[in-house]
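Heads up, the thing below is written out as structure tokens.
In what follows, every chain begins at residue 1, and chains take the letters A, B, ... in the order their sequences are listed. These numbers come from a predicted model, not from an experiment.
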There are 2 protein chains.
Amino acid sequence: MRGNLFAVAVNLVVLTVRAERLHVLLIERGERPFLGEWALPGGFVRPDEDLVHTAGRRLGEETGADTGHAVVGHLEQLASYAAPDRDPRGRVLSVGYLAFVPDMPEPTPGGSAAASAWWPVDGTGPLAFDHDRILADGVERAKAKLEYTTLAASFCPAEFTVTDLRRVYEAVWDASLDPRNFQRKVTSTEGFLVPTAALVTGGRGRPPRLFRRGDATALHPPMLRDPHRVNDRATAAPRHDALG
Amino acid sequence: MRGNLFAVAVNLVVLTVRAERLHVLLIERGERPFLGEWALPGGFVRPDEDLVHTAGRRLGEETGADTGHAVVGHLEQLASYAAPDRDPRGRVLSVGYLAFVPDMPEPTPGGSAAASAWWPVDGTGPLAFDHDRILADGVERAKAKLEYTTLAASFCPAEFTVTDLRRVYEAVWDASLDPRNFQRKVTSTEGFLVPTAALVTGGRGRPPRLFRRGDATALHPPMLRDPHRVNDRATAAPRHDALG
DNA sequence: TCAAAAGTGTTGTCGATACACCCATGG
DNA sequence: CCATGGGTGTATCGACAACACTTTTGA
């Protein structure tokens, strides 16, 4: 068999929505190279292990699935990265995986990490290896997927309100959406949301209904990001603060 | 460095439109394993070679770019496949690449292939390795990309008519599109098509104008496949034949 | 003059936006 | 009863499907 040999790793872009902002799970490296720097969680593919199995195993370790915390979410392959000089240890190919998980308590470091934390996706410093690139690709994929799939619900807990779902879109797209039109769009899309009998009490205003995820995976017609309207929230939010 | 080692290969899903059908470039294997069976072209990643470089090199070899034939087209990474038992020789990770090329003469086998040929994508027998899966992923990606990008033009030669472009959509989607509405859509999308002064003479009917590709890469709003309308051509074509 | 293919005009429909308005709760 | 947020009704607009119609060629 011709060709030289590679070590094969999986790196995870684990996204969640916290405090109405999109966050990514990063680990502080506990070993060389890039000791002490922040990086995407990941690990090498074990013998007889398939890529998605490695990704799922590491995702569970990092998000504390072993602690009984139910992580539903979503996991899909993103792309592979194999520039010859991307790892000083030698030739390493990394397969990026993209995960969407509901908001959860602070993560517990898994693997060989010194620490782990949720970072706002636009507030990370330079990351180890080529992980800036992998992160950027993951965020872009996430933005696109919300347009034509129902995967936004993967960021939500088992039961959630329409407003919860809207905040996912707003955080991922960094845009503001009309709550009334959004409500109609998602509730009228067959199979996106399954209503429950429950209401959320205790908040201000009229109590919202609770929904579960439906069977639909595709969104027809899609919810398109208007390219002229994206990023409205960046300017709208300060204006709102000034008025309050 | 933990983890076992992999050989890393690139496999190409090279698509083109011939005789109004979507075709894929396959090679007949000239060595074991799967000697004599049909497979996607590919090759191992060389030392100091990046993935896209391997893919571009093999694409040029298979499509005869070295013969002076201008291959413009499009090349993008598709996904990686690394099931432990996918190659009987040992642990091999394959990175799939998707290529769109204009129609061209019969290919000349490159690498270690015994033969190579264009096959209709829905007429291939079972392929070697897990290449059926890679091919299916590539075709699905191609269908999706035509919706929201201008990549259909990558299947066309440097100058082409609106009808040429429509036949690309019809072949990839296996659907029939209204020529008049299609014309308006693509000619009114800023930057998709650049008109030339030339007309195509010699055919029946009014001579069509020739266009070149424009700078636009995205299609806003997208040209959506109506899920209810797909596959019309499968029934429409025989009807047309019966009438002709 | 006819057939064939390119290209334009027009109309109905559907979905999205924008926004007026009502509903249901906590203070 | 007022503020707050959930949710509905509706006018308008833009894009697209459908299809009548005109244009320009070869036979």
Side-chain angles (χ1 to χ4, degrees), chain A residues 20 146-148 159-167 169-170 173 175-190 192-193 195-211 218-230 232 236 240 243-244, chain B residues 20 146-148 159-167 169-170 173 175-190 192-193 195-211 218-230 232-233 236 240-241 243-244:
Chain A
E20 308 188 15
L146 293 207
E147 288 195 325
Y148 57 94
E159 299 198 331
F160 54 93
T161 69
V162 171
T163 297
D164 292 336
L165 188 64
R166 180 168 48 82
R167 291 206 207 290
Y169 276 89
E170 292 179 330
W173 287 350
S176 61
L177 302 176
D178 186 299
R180 300 157 294 189
N181 293 329
F182 182 85
Q183 176 109 6
R184 240 193 313 266
K185 173 71 178 175
V186 297
T187 56
S188 68
T189 296
E190 196 74 18
F192 194 171
L193 301 180
T196 70
L199 298 181
V200 179
T201 56
R204 282 191 297 266
R206 174 171 169 176
R209 287 182 293 175
L210 278 174
F211 294 86
L219 209 51
H220 276 287
M223 178 144 33
L224 293 178
R225 297 175 274 177
D226 185 339
H228 306 297
R229 190 159 303 283
V230 167
D232 265 14
H240 181 271
L243 292 174
Chain B
E20 308 188 14
L146 293 207
E147 288 195 325
Y148 57 94
E159 298 198 331
F160 53 94
T161 68
V162 171
T163 297
D164 292 335
L165 188 64
R166 180 168 49 82
R167 292 207 205 290
Y169 275 90
E170 292 179 331
W173 286 351
S176 62
L177 301 176
D178 186 300
R180 299 155 295 187
N181 294 330
F182 182 85
Q183 176 109 2
R184 239 194 313 266
K185 173 71 177 174
V186 297
T187 56
S188 67
T189 297
E190 196 74 20
F192 195 170
L193 300 180
T196 70
L199 298 182
V200 179
T201 56
R204 282 192 296 267
R206 174 173 170 175
R209 286 182 293 175
L210 278 174
F211 294 86
L219 209 51
H220 275 288
M223 178 143 35
L224 294 177
R225 298 175 272 177
D226 185 338
H228 306 296
R229 190 158 304 281
V230 166
D232 265 15
R233 200 178 56 161
H240 179 270
D241 290 344
L243 291 174

Take atom [atom1] of [X] and atom [atom2] of [N], then tell me their distance rounded to the nearest Å.
X	N	atom1	atom2	result
L193(B)	dA6(C)	CG	P	14 Å
F182(B)	dA5(C)	CZ	C1'	16 Å
E147(B)	dC16(D)	CD	P	12 Å
L177(B)	dA18(D)	CG	P	11 Å
Q183(A)	dT17(C)	CD	P	15 Å
L219(A)	dG15(C)	CG	P	13 Å

_Strand DNA chain C in bracket notation, Watson-Crick/G-U under 3.5 Å with | for pairs to another chain_ = |||||||||||||||||||||||||||
*Residues in side-chain contact (heavy atoms from CB on, under 4.5 Å) contact with P208(B), at least two apart in sequence or another chain*: T161(B), V200(B)
*Under the side-chain contact (heavy atoms from CB on, under 4.5 Å) test, residues paired with P207(B) that sit two or more places apart*: L199(B)
*At under 4.0 Å between heavy atoms, which parts of nucleotides 19-27 of chain C does protein reach? Answer with one letter per nucleotide, 5' to 3': B base, S sugar-phosphate only, - none.*
BB--BBBS-
Rounded to the nearest 0.5 Å, how far does [atom2] of [Y] lie from [atom1] of [X]?
X	Y	atom1	atom2	value
Y169(A)	K185(A)	OH	NZ	8.5 Å
L165(A)	E170(A)	CG	CD	10.5 Å
R167(B)	D164(B)	CZ	CG	7.5 Å
N181(B)	R184(B)	CG	CZ	5.0 Å

*Please identify each residue that fulfils side chain to side chain donor-acceptor pair (under 3.5 Å) with E147(B), with sequence neighbours left out.*
R225(B)
*Would you name the heavy atoms of P195(B) and F211(B) that are closest together and state the gap between them?*
CA-CD2, 3.5 Å
*Counting just side-chain N and O atoms, does K185(A) come under 4.0 Å of either OP1 or OP2 of dA16(C)?*
yes
*If you look at every strand shown and take non-hydrogen atoms under 4.0 Å, does T163(B) touch a base, only sugar-phosphate, or nothing?*
sugar-phosphate
*What pairs with R209(B) under salt bridge (charged side-chain N to carboxylate O under 4.0 Å, His left out), at least two apart in sequence or on another chain?*
none
